[in-house]
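Note sheet for the following structure.
Throughout, a chain's letter reflects where its sequence line sits, starting with A, and its residues are numbered from 1.
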There are 2 protein chains.
Amino acid sequence: MDRFLSSAVNRIDAKGRVSVPAHFRSVVQRRGFTDLYALRALDIPAMDVGGPDLLDRYEERIAVEDPFLQTADDMSFFVHGDGSFLKLDQDGRITVSDFIREHTGIASEVAFVGRGLFFQMWEPERLRAHGEQVRARLRKLRQQAAQDRLAAGAE
Amino acid sequence: MDRFLSSAVNRIDAKGRVSVPAHFRSVVQRRGFTDLYALRALDIPAMDVGGPDLLDRYEERIAVEDPFLQTADDMSFFVHGDGSFLKLDQDGRITVSDFIREHTGIASEVAFVGRGLFFQMWEPERLRAHGEQVRARLRKLRQQAAQDRLAAGAE
DNA sequence: CGGGATATCATGGGAGCTTATGGGCGTCAA
DNA sequence: TTGACGCCCATAAGCTCCCATGATATCCCG
């Protein structure tokens, strides 16, 4: 399987390093990459992380915009300026920069969450809270759907 | 990777010098440039910095304007007359001229921001404010796209 | 089936290189 | 002469490479 699946929590050591879960590393490696690319997620305190191909996908998206309009500029600013390469050392660890800490609130532990084509880095407690919210939204959605079906049947 | 990515904040010393981030320097070198060219960004308090190819990009933009209109003339003046060379010293530092300080508000620290084919120099606090605005615009764009899809599905 | 050997993995720390930053000194031009 | 600038060196902090350890999972063979 060459997708990012499941999750794990790892500890940051005294030098600010953290091990990327071995499974995630092997996915990146199988695609032929040695580096990771991290992007600040738009509306949640998490980093979206993937191989450099993640960057390529975004750049393809930018390419369809008119390069002289503000939207293209915004997208480039976000992708190139609000992201950074994470160099994997020989033991498969990355250093957690202030850039990451600021956006995520990560301090001493990192929660890695597989998301298919990429994975995310979270502060564990925030991830838990976010998970609650997501579940609540999904429950509500399902109830809503059930009610709609009832209403449609009564007509 | 030969693109300008991620960001860093460096301090200006007593002589008015500032180190260009090592990663950016290596990109410049890999592209075969020895000098940097800096332009005042059009509608933001930042410098656009890159190799000579940066000029090509701006000239391309001018080319789409009608040469008889004032806009083209303004832009040409801006690109060819209102830019400056930045010489890298042996330690990879540039001196921050008044030309740059005036347009950006840079005083004691410089934020370098990768933008793919070029990079930008910002006053750190202004960069933060600008980043917020960009993220807000992109969030709005995403919501808009989601609504459009819903509307299309309802037809 | 069981238990020891082996491999894998997260984590800790030492050593050396790279980078950012500060400052001295000579040169050239206003 | 003075101030801006280029060249050189020094230093401290940060980062990368390398090795060690313990815990866990996997394998293999009796």
Could you give the [atom1]-to-[atom2] distance, from [X] to [N], as a whole number of Å?
X     : N      : atom1 : atom2 : result
A:L88 : D:dC17 : CG    : C1'   : 14 Å
B:R11 : D:dA12 : CZ    : P     : 15 Å
B:D13 : D:dT11 : CG    : C1'   : 15 Å
B:I12 : C:dA20 : CD1   : P     : 15 Å
B:H23 : D:dT16 : NE2   : C1'   : 16 Å
A:I94 : D:dT16 : CD1   : P     : 11 Å

> So what does B:D89 touch, heavy atoms closer than 4.0 Å: a base, only the sugar-phosphate, or nothing?
Replying inline: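 Nothing: the residue B:D89, judged by heavy atoms under 4.0 Å, touches no strand.
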> NA contact type, B:R17, heavy-atom cut-off 4.0 Å: base, sugar-phosphate, or nothing?
Replying inline: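 Contact class for B:R17: base.
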> Is a donor-acceptor pair below 3.5 Å formed from side chain A:D91 to base D:dC18, judging by atom type as modelled?
Replying inline: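 Side chain to base: pair found, below 3.5 Å.
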> Strictly by modelled atom types, are B:R115 and A:S76 linked by a side-chain donor-acceptor pair under 3.5 Å?
Replying inline: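 Judged by distance alone, the side chains do pair up.
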> Does one side chain, of B:R101 or B:S97, offer a donor that lies under 3.5 Å from an acceptor on the other?
Replying inline: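 No, because no side-chain N or O of B:R101 sits under 3.5 Å from a partner of the opposite role on B:S97.
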> Do any N or O atoms from the side chain of B:R17 and from the backbone of B:I12 form a donor-acceptor pair under 3.5 angstrom?
Replying inline: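 Not at all, since once roles are kept as given, no pair shorter than 3.5 Å links the two residues.
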> Do B:H23 and B:F4 have ring centroids that are under 6.0 Å from one another?
Replying inline: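 Ring centroids of B:F4 and B:H23 are no less than 6.0 Å from each other.
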>> By nearest atom, which of the nucleotides C:dG12, C:dT21, D:dG6 is closest to the B:K87 side chain?
In response: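 Shortest atom-to-atom distance from the side chain points to D:dG6.
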> Picking from C:dA20, C:dA10, C:dG23, which would you name as closest to the side chain of B:R93?
Replying inline: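 Closest of the options to the side chain of B:R93: C:dG23.
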> Measuring from A:D48:CG to A:Y37:OH, what's the distance to the nearest 0.5 Å?
Replying inline: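 So the gap between those two atoms works out to 10.5 Å.
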> If you pin A:R25 and B:R25 to their nearest nucleotides in DNA chain C, which one's is more 5'?
Replying inline: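 Counting from the 5' end, the first nearest nucleotide belongs to A:R25.
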>> With nearest nucleotide decided by heavy atoms, which residue, B:K15 or B:A22, maps closer to the 5′ end of DNA chain C?
In response: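 First, find each residue's nearest nucleotide; the 5'-ward one identifies B:A22.
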>> If you compare every side-chain N and O of B:Q90 against the phosphate oxygens of D:dG6 (OP1, OP2), does one of them come in below 4.0 Å?
In response: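 Negative; the distance criterion is not met.
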